[in-house]
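Everything on this sheet refers to the single structure shown next.
Numbered from 1 within each chain, the chains take letters A, B, ... in sequence-line order. All values derive from a computational prediction rather than experimental measurement. The figures here come from the full heavy-atom set of this structure, side chains too, leaving out hydrogens, waters and symmetry mates.
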Amino acid sequence: MKPSGIPIVYAPTATGKTEIVMSLSKILNIEICSMDSMQIYKKMDIGTAKPTQNELSKYPHHLLNIVFPDENYDVNRYRKDALNIIDSIKKNGNTPLFVGGTGLYMDALRYGLFEGVSRDENLRKELEKKETESPGVLMEILTRVDPEAASKIHPNDLKRKIRALEVFYLTGKRFSEIGRERKADERFIMIYLIRNREAIYKRVNARVEMMIKKGLIEETAELMRDYSPHLQSMKAIGYRETIDFLNGCFESKEAFVETLKKNTRHYAKRQIIWARRYKEIFPVTVDDKETKEICDEITTILSTHGKAFNSL
RNA sequence: GGCGCGGUAGCUCAGUUGGUAGAGCAGCGGACUGAAAAUCCGCGUGUCGACAGUUCGAUUCUGUCCCUCGCCA
């Protein structure tokens with residue numbers, strides 16, 4: 001069977017996405033595309049909970065292991081890469097299916113991004129320096145040039161202040177105006193796997209223990225030899241804490257593990273909250289259900305609500 | 001059994017010279033357009049161990065009891 005539309009399976013970390021999608025690919029004629037901002041990195045396997053080599057050989061994933069940890073990568077690049085992959089999969093007569101937990105990437109797929117305002121590293125550094133020299137200036141400037149954006153961004157949110165000003169300086173247009181037009185790309189059908197919160201937290205805790213057993217610390221030590229801890233990739237949950245642990249910032253290994261669990265739980269929570277913004281997302285509860293039952297529900301949603309892939 | 005320290009939020013604890021209480025962590029809620037596993041914001045009512053006494057009023061003072069921990073037998 002061939003699904004209509006392009007399914008996106010979104011779920012917080014440790015929900016069990018991989019297993020479900022692998023089963024799904026047995027019933028549906030799909031090619032799996034990862035939608036995960038950290039699994040794009042090579043060499044970061046254990047900490048990002050990538051599928052195993054064995055799983056990948058049976059169920060190949062696109063958009064996985066595509067850049068090195070010190071390469072710049074961002075939503076825009078992801079969107080371009082994804083659109084290219086979609087094209088080539090389509091040419092093969094197959095259907096792509098996206099799985100992952102990066103909300104912003106899902107958003108960029110379905111709603112797009114506004115055009116042509118990429119990051120400017122030098123400008124960012126300059127703005128950051130300004131702010132350090134006299135705290136509060138960026139907000140003052142932003143209030144003058146783009147009051148609407150200024151009112152929406154919290155004064156402490158440095159990244160967003162910088163971004164809004166960056167857009168203004170680079171384009172002369174206001175960040176608040178440029179982002180206004182967004183239309184959904186109806187090809188994408190968002191499915192949200194819901195698991196009971198407590199169950200997710202339990203699974204998170206278990207997964208962290210498993211990661212340590214599998215060699216998270218060794219993997220991180222290896223990465224530290226080649227890469228700076230200041231890289232975005234190295235700030236990912238799991239690596240960040242392990243770097244601190246290896247640098248002796250924790251009183252004990254237990255304290256390190258507890259912190260790692262806690263940060264992962266917080267992350268899962270943010271992912272859950274992200275999903276609440278979409279009224280058009282299809283929820284599928286997963287608790288106490290067999291994988292087969294879950295797959296059936298998903299295929300039903302796809303056949304009932306999806307638009308024909310080939311017609312678009 | 002005796003002595004001592006404690007018993008306050010899910011946890012660790014602070015505090016109230018008597019007017020029913022607040023921090024950190026956990027937890028919860030939220031924001032989010034080229035760094036997103038990032039970044040940022042908001043939320044604290046709980047038989048103050050139990051019972052009795054003193055008092056206009058007790059979580060606070062007094063007494064008895066229960067429990068934890070420590071020391072001595």
Looking across every strand, which nucleic acid part, if any, lies under 4.0 Å from R77(A) by heavy atom: base, sugar-phosphate, or nothing?
nothing
Nearest of G29(B), U33(B), A36(B) to any side-chain atom of L113(A)?
U33(B)
Enter syn or anti for the glycosidic conformation of G34(B), syn applying to angles within 90° of 0.
syn
Over all strands shown, is D36(A) touching base, sugar-phosphate only, or nothing at heavy-atom distances under 4.0 angstrom?
base
What is the nucleic acid contact for Y239(A), judged by heavy atoms within less than 4.0 Å: base, sugar-phosphate only, or nothing?
nothing
Can a donor-acceptor pair under 3.5 Å be found between the side-chain atoms of R160(A) and the base atoms of A36(B)?
yes
At under 4.0 Å between heavy atoms, what does R79(A) touch on the DNA or RNA strands: base, sugar-phosphate, or nothing?
nothing
What is the separation between atom CD on Q271(A) and atom P on C32(B), rounded to the nearest whole Å?
17 Å
In the strands shown, is U39(B) matched to any nucleotide by a Watson-Crick or G-U wobble pair with both distances under 3.5 Å, and which?
A31(B)
Answer yes or no: does a side-chain N or O of H266(A) lie under 4.0 Å from OP1 or OP2 of A26(B)?
yes
What about R124(A): does its side chain form a donor-acceptor pair under 3.5 Å with the base of A35(B)?
yes
OP1 or OP2 of G34(B) under 4.0 Å from side-chain N/O of Y73(A)
no
So, is Y201(A) near the phosphate of C28(B), with a side-chain N or O under 4.0 Å from OP1 or OP2?
yes
Touch class at under 4.0 angstrom, heavy-atom based, for T264(A) against every strand present:
nothing
Tell me whether the OP1 or OP2 atom of G27(B) has a side-chain N or O from K269(A) closer than 4.0 Å.
no
OP1 or OP2 of A35(B) versus the side-chain N and O atoms of R119(A): is any pair under 4.0 Å?
yes
Think N156(A) has a side-chain N or O under 4.0 angstrom from the OP1 or OP2 of C40(B)?
no
Quick one: which of R203(A), E198(A), R197(A) gives a side-chain hydrogen bond (donor to acceptor under 3.5 Å, both in side chains) with Y201(A)?
R197(A)
Taking atom types as they are modelled, would you say the side chain of N76(A) forms a donor-acceptor pair with the base of G34(B) within the 3.5 Å cutoff?
yes
Taking atom C1' in both G46(B) and A52(B), what distance in whole Å separates the two?
23 Å
Side-chain N,O (R270(A)) to OP1/OP2 (C41(B)) below 4.0 Å
no
For E126(A), is there an ion pair with K129(A) - N to carboxylate O distance below 4.0 angstrom?
no
Looking only at side-chain N and O atoms, does H154(A) come under 4.0 Å of OP1 or OP2 in C32(B)?
no
What nucleotide among G29(B), A36(B), G27(B) has an atom nearest to a side-chain atom of R197(A)?
G29(B)
Less than 4.0 angstrom between a side-chain N/O of R163(A) and OP1 or OP2 of G34(B), yes or no?
yes
Taking G24(B) as the reference, what is the distance to U20(B) when you measure between their C1' atoms (whole Å, please)?
23 Å
So, is R277(A) near the phosphate of C32(B), with a side-chain N or O under 4.0 Å from OP1 or OP2?
yes
Per atom distances to the F175(A) side chain, the nearest of U33(B), U39(B), A26(B) is U33(B)
